[in-house]
Peer 1: 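The structure's right below; bear with me while I get my questions together.
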Amino acid sequence: MKQLLDKSTKKTLWNPICKRLIAAFLSAYALSVTFHAPFARFHFEEGVDYVIASVYELLGDYNFSFLLLLVLCGVYYSFLEEKLGRPKKPVPVWLPVFFSLTLLIGRSYQQIGTWGFCFGSPVNFVKFVLTLAGGSLLLGSILNGLCVVMEKARWVDKEPHFWSSHGFGKAFVILCAAYLPFLILAFPGNVCWDAAGQIQQAVGESGYSLHHPLAHTLLMGGAVRLGEGLLGSREAGLFCYMLLQLAGLAAALASTIGVLARRGLRKGLLWALLLIYCVTPVYSNMASTALKDVPYASAVTGYVICLALLLEEPRRLKSLRFITGFVLLQVCVILLRNNGIYVILLSGLVILVFFLKKYGWREAGGLFLGALAGSLAAGELVLLLLAQACGASAGSLGEALSIPFQQTARYLQAYGDQVTEEERDAIEAVLGDMQELAGRYDPDSADPVKAQFRKSASTGDILAYLKQWAHGLFRHPGVYVEAFLAHTYGWLSPEVNNSIRYEAEYDVVSRGGLFPGAEKLLIFYYRFAARFTPLGILENVAFAVWGLFFLTCWQKSHGRGRLAAAGLPLWISFLVCMASPGFLHHARYGFPILFSILFLFGFTVTAKGNEGR
């Protein structure tokens, strides 16, 4: 009997040890693995040579760092994970697997432009599976540890402190003081390609177009024209606009601190949030760069704050002051970016259904519907009046078809000889010469392909093209998937850096900074910051997207479903990112997520019932 008990005890101890050793091995392998371009069987004269080379490739080189990582991972799984404990509600299994998958696919596309590191050869596939398993185990453990912290930490502090009163005003002054030196150094302001084109429209060098948000074009271009008319300087006018943009961004970020301070978030965390806003380069850079996405993201941040407050306390709908600000923010979101109306419409409809089910028409549904309908009507009416007054030309329908255009171009490169005469006619009616289209394909950007879009194409032509596009999808779905991943991997892989500094060439206003060499000084700083991991990860839009996935899962599993709805504008923004012309290492489409996600974390952990121990 005693021997049986001893065997049972040994087995009970041995099983966890084996699991930890396997987890440590796979995690260390995932952290140290090196992928190479796949090699094929025909490269070798004999099959045995191919097998031997495959074994060598799978094992890799002798690597001392692997041994070090194996020991560290073993220590982590044996001690730190146990000490931290398991969360009450762990993250769903699919989440760390998905994160690990995005890392691997992103790495493959970033280095070789295909998914060859994952599926290019039997050896790479085995390495991919082992790395996926190890990365999933490690990320799952880290995410569950974060869940424990969110469940157990003390987030609320009732003692009076610096932020207890006038939190918004204090934060606003500090942020303006932090960003203003960068704007002065970049005088009259850094200008991106789109902004230069918008200014050209306003000063009469080209006609007005709805390709860019007309309200923003008139606001920025109007300031430039006013500076030219009153002071004889376009640069002075642009600088005045930049001061307004800086103030808007600072107000949006200060609002997150003001709201969280009123909810009692601990002062140390409020100071940490302010420090992130001050030192993370993306914020000061965007405060000094003329870019339509900055005021738009600021407006979306304010809209997210209002949604979070409304979803927690629907009676705020009965406050005239609150509802007025809410409507104005929605109108700004609609006017400041062409896809802003979809953010308002889609998120508004979902939240309207929630209010109707939870509170009914009289309590909240009718008021919210009135605010939503009023905002949509006002935004569209203003846009219509502005377009008619300026005689602005319509934007191109091709802007909404970036993904299928890219897929068609890649399909033609790979299987152009399989296209029938009828399919050729359908493609060329919309995108011009088929061979030229294939030659224009750029995996990173849809702009070269979209440039071939024929504005004269009728609705029937576009429908015929989409029919042909569907035929190609059924024939060779792999090409379509690869084209999509090559186009979007940067939005999901935090290993991909964001190049947040725009270095455009333009002559509509002077450039170069306050003194000779100032621009080069700023470029050096922002490029350095992107390579400095702590700052780089804080401004990495894919890392913010990961945060959105994690936070939404945590909210749903911990009974915070209504707060998850406040993130709807960010989810819609994520879909906009995926449908955009390309990642291009610029994160501007993801600014609404980057600027708002920390606030949503703070709002969630300060909700009633989650004060911590």
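We count residues from 1, following the sequence as given.
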Peer 1: Taking the six-membered ring for Trp, are Trp193 and Tyr502 closer than 6.0 Å centroid to centroid?
Peer 2: yes
Peer 1: Looking at Ser288 and Leu183, what are the two nearest heavy atoms and their distance?
Peer 2: CB-CA, 3.7 Å
Peer 1: Can you confirm whether Pro281 sits close enough to Glu539 that some side-chain heavy atom of one is under 4.5 Å from a side-chain heavy atom of the other?
Peer 2: yes
Peer 1: Would you say the side-chain atoms of Tyr526 pair up with the backbone N or O of Asn285, donor to acceptor, closer than 3.5 Å?
Peer 2: yes
Peer 1: Can you see whether Phe162 has Lys170 sitting over its ring - NZ or CZ less than 6.0 Å from the centre and within 45° of the normal?
Peer 2: yes
Peer 1: Are the side chains of Pro569 and Val343 in contact, using a 4.5 Å heavy-atom criterion?
Peer 2: yes
Peer 1: Inspect the surroundings of CZ in Arg263 and state if more than 12 heavy atoms from other residues, nucleotides or ligands are less than 6.0 Å away.
Peer 2: yes
Peer 1: Looking at Phe543, I want to see if its CZ is surrounded by more than 12 non-hydrogen atoms of other residues, nucleotides or ligands under 6.0 Å.
Peer 2: no
Peer 1: Begin from the C-alpha positions of Phe591 and Thr301 and carry the test side-chain contact (heavy atoms from CB on, under 4.5 Å) through to its verdict.
Peer 2: CA-CA 9 Å; Phe591 283 165; Thr301 299; over 6 Å; no
Peer 1: Can you classify the ring geometry of Phe187 versus Phe239 as parallel (below 30°), tilted (30 to 60°) or perpendicular (above 60°)?
Peer 2: tilted
Peer 1: Please name all residues satisfying salt bridge (Lys or Arg N to Asp or Glu O under 4.0 Å) with Arg234, sequence neighbours left out, ordered by chain then number.
Peer 2: Glu205, Glu228
Peer 1: Should Ser347 and Tyr342 be marked as a side chain to side chain donor-acceptor pair (under 3.5 Å) after you check the CA-CA gap, both sets of side-chain angles, and the distance that decides it?
Peer 2: CA-CA 8 Å; Ser347 62; Tyr342 303 114; over 6 Å; no
Peer 1: Answer yes or no: is there a donor N or O on one side and an acceptor on the other, between the side chain of Gln245 and the main chain of Thr289, under 3.5 Å?
Peer 2: yes
Peer 1: Would a 4.5 Å heavy-atom cut-off, applied to side chains only, mark Ser255 and Phe168 as touching?
Peer 2: yes
Peer 1: Find the distance between SG (Cys192) and CD (Gln198) and round it off to the nearest 0.5 Å.
Peer 2: 7.5 Å
Peer 1: Step through it carefully: locate the ring centre of Trp571, locate the ring centre of Phe549, and say whether they are under 6.0 Å apart.
Peer 2: yes
Peer 1: Among side-chain atoms of Ser510 and Glu235, is any donor-acceptor pair under 3.5 angstrom?
Peer 2: yes
Peer 1: Could you check if a side-chain atom of Val191 sits within less than 4.5 angstrom of a side-chain atom of Leu291, using non-hydrogen atoms only?
Peer 2: no
Peer 1: Assess whether ring pair (Phe, Tyr, Trp, His ring centres under 6.0 Å) is satisfied between Trp546 and Phe99, documenting all intermediate values.
Peer 2: CA-CA 7 Å; Trp546 276 26; Phe99 285 169; 4.2 Å; yes
Peer 1: Closest heavy-atom contact between Ala566 and Val304?
Peer 2: O-CG1, 3.8 Å
Peer 1: For residues Leu265 and Val156, determine if any side-chain heavy atom of one lies less than 4.5 Å from a side-chain heavy atom of the other.
Peer 2: no
Peer 1: Is Asp442 close to Val449 at the side-chain level, that is, under 4.5 Å between some pair of heavy atoms?
Peer 2: no
Peer 1: Taking C-beta and beyond as the side chain, do Arg454 and Leu431 meet within less than 4.5 Å on heavy atoms?
Peer 2: no
Peer 1: What about the rings of Tyr241 and His216, do their centers lie closer together than 6.0 Å?
Peer 2: yes
Peer 1: Are Cys306 and Arg316 packed together at the side-chain level, in the sense that at least one heavy-atom pair is separated by less than 4.5 angstrom?
Peer 2: no
Peer 1: Let me see the working for Thr256 and Tyr277 under side chain to side chain donor-acceptor pair (under 3.5 Å), right down to the final yes or no.
Peer 2: CA-CA 11 Å; Thr256 67; Tyr277 291 157; 2.9 Å; yes
Peer 1: For Tyr441 and Thr408, does a side-chain donor sit closer than 3.5 Å to a side-chain acceptor?
Peer 2: no
Peer 1: Check this for me, if you would: do Asp157 and Arg266 make a salt bridge, where the nitrogen-to-carboxylate-oxygen distance has to be below 4.0 angstrom?
Peer 2: no
Peer 1: With side-chain contact (heavy atoms from CB on, under 4.5 Å) as the test, would you mind laying out the steps for Asp293 and Arg337 before giving the verdict?
Peer 2: CA-CA 7 Å; Asp293 300 87; Arg337 190 162 180 84; 2.9 Å; yes
Peer 1: More than 12 heavy atoms of other residues, nucleotides or ligands under 6.0 Å from OH of Tyr525: is that the case?
Peer 2: yes
Peer 1: Should we say atom NE2 of His161 is surrounded by more than 12 heavy atoms from elsewhere, each under 6.0 Å from it?
Peer 2: yes
Peer 1: Answer yes if the side chains of Ser493 and Tyr109 hold a donor-acceptor pair under 3.5 Å, and no otherwise.
Peer 2: no
Peer 1: Verify the distance criterion only: is there a donor paired with an acceptor across the side chains of Ser206 and Gln201 at less than 3.5 Å?
Peer 2: no
Peer 1: With the threshold set at 4.0 Å, does a side-chain nitrogen-carboxylate oxygen contact exist between Asp194 and Lys292?
Peer 2: yes
Peer 1: Do Tyr283 and Phe595 pass the ring pair (Phe, Tyr, Trp, His ring centres under 6.0 Å) test, and can you show the C-alpha distance, the side-chain angles, and the key distance before you say yes or no?
Peer 2: CA-CA 9 Å; Tyr283 298 106; Phe595 291 5; 5.3 Å; yes
